[in-house]
Amino acid sequence: QVQLVESGGGLVQAGGSLRLSCAASGGTFSTRAMGWFRQAPGKEREFVSAISASGSLTWYADSVKGRFAISRDNAKRTVYLQMNSVKPEDTAVYYCASGINQGSTWSAAYWGQGIQVTVSS
C-alpha cells in the first residue's frame, strides 16, 4: 500500500516562495510518475504538476508554468514542489499523488491527505 505524506505548507505572502515535500512509503517509488494537485474552496481539484519516474520529464498547468518547479529524489522517496512568485489564487489544499496518468484528464492512483497553502495579499 502506497502512503504519501505532505509537508511544508503554511501561510506565505504574495510574491514569496514555499517548498512542499511529499514522502512516499510502500510500493516502488522509482517506477511511478508523481505529481501535485490542488483544490481551492468551492472548486474542483485540479492538476498542478507531474514528473516522470526518472525525473527527466515534467508537466505543468498553465497557471503555474514558470513559477513552480517539480523535482524528485528517488533515493529519498520524496517529491518536491518549489512554489515561487506565489499569488493569492494559489491558495488551496495541495495533494501529492502517485501513479499519475495523463488520459483525457490527469488522474492518480494514490493520494496524500493534503496540506494547506494560504497566500496572503
Pairs meeting criterion salt bridge (charged side-chain N to carboxylate O under 4.0 Å, His left out) with involvement of residues 56-65, two or more places apart:
Asp62-Lys65

So the salt bridge (charged side-chain N to carboxylate O under 4.0 Å, His left out) pairs with at least one residue in residues 97-107 (sequence neighbours excluded) are none

Would you find a donor on one side and an acceptor on the other, under 3.5 Å apart, between the side chain of Thr91 and the backbone of Val119?
yes

Is a donor on one side and an acceptor on the other found under 3.5 Å between the side chain of Arg67 and the backbone of Ser85?
yes

With sequence neighbours left out, which residue pairs that include part of residues 42-79 fulfil the disulfide bond (SG atoms under 2.5 Å apart) condition?
none

Considering only residues two or more places apart or on different chains, which pairs with a residue in residues 46-76 satisfy disulfide bond (SG atoms under 2.5 Å apart)?
none

Minimum-distance pair of heavy atoms, taken over all atoms of Tyr95 and Gly112:
CD2-O, 3.6 Å

Contacts table for residues 38-50: side-chain donor-acceptor under 3.5 angstrom, sequence neighbours left out:
from, atom 1, to, atom 2, distance (Å)
Arg38, NE, Glu46, OE2, 2.6
Arg38, NH1, Asp90, OD1, 2.9
Arg38, NH1, Tyr94, OH, 2.9
Arg38, NH2, Glu46, OE2, 3.2
Arg38, NH2, Ser63, OG, 3.4
Gln39, NE2, Lys43, O, 3.0
Ser49, OG, Trp59, O, 2.9

Would you give the length of the straight line joining atom [atom1] of [X] to atom [atom2] of [Y], rounded to the nearest 0.5 angstrom?
X: Thr78; Y: Met34; atom1: OG1; atom2: CE; value: 9.0 Å
X: Phe68; Y: Tyr60; atom1: CZ; atom2: OH; value: 10.5 Å
X: Trp36; Y: Ile51; atom1: CH2; atom2: CD1; value: 12.0 Å

Same cluster or not: are Met83 and Val79 linked, directly or through other Ile, Leu, Val, Met, Phe, Trp or Tyr residues, by side-chain heavy atoms under 4.5 angstrom apart?
yes

Single-linkage hydrophobic cluster Ile115~Ile70, side-chain heavy atoms < 4.5 angstrom
yes

List the atom pairs, donor and acceptor, that lie under 3.5 Å between side-chain atoms in residues 19-33 and the rest of the protein, sequence neighbours left out.
from, atom 1, to, atom 2, distance (Å)
Thr31, OG1, Thr28, O, 3.0

Between Ile100 and Gln102, is there a side-chain heavy-atom distance shorter than 4.5 Å?
no

Side chain to side chain contact (heavy atoms under 4.5 Å, CB included) with Ser56: which residues, sequence neighbours excluded?
Ser52, Ser54

Residues passing the side chain to side chain contact (heavy atoms under 4.5 Å, CB included) test with Asp73, sequence neighbours excluded, are Ala75, Lys76, Tyr80

Would you tabulate the side-chain donor-acceptor contacts of residues 1-18 under 3.5 Å, counting partners in other chains and residues two or more places apart, or write 'none'?
from, atom 1, to, atom 2, distance (Å)
Glu6, OE1, Gln113, N, 3.3
Glu6, OE1, Gln113, NE2, 3.3
Glu6, OE1, Gly114, N, 3.1
Glu6, OE2, Cys96, N, 2.8
Glu6, OE2, Gly114, N, 3.2
Ser17, OG, Asn84, OD1, 3.0

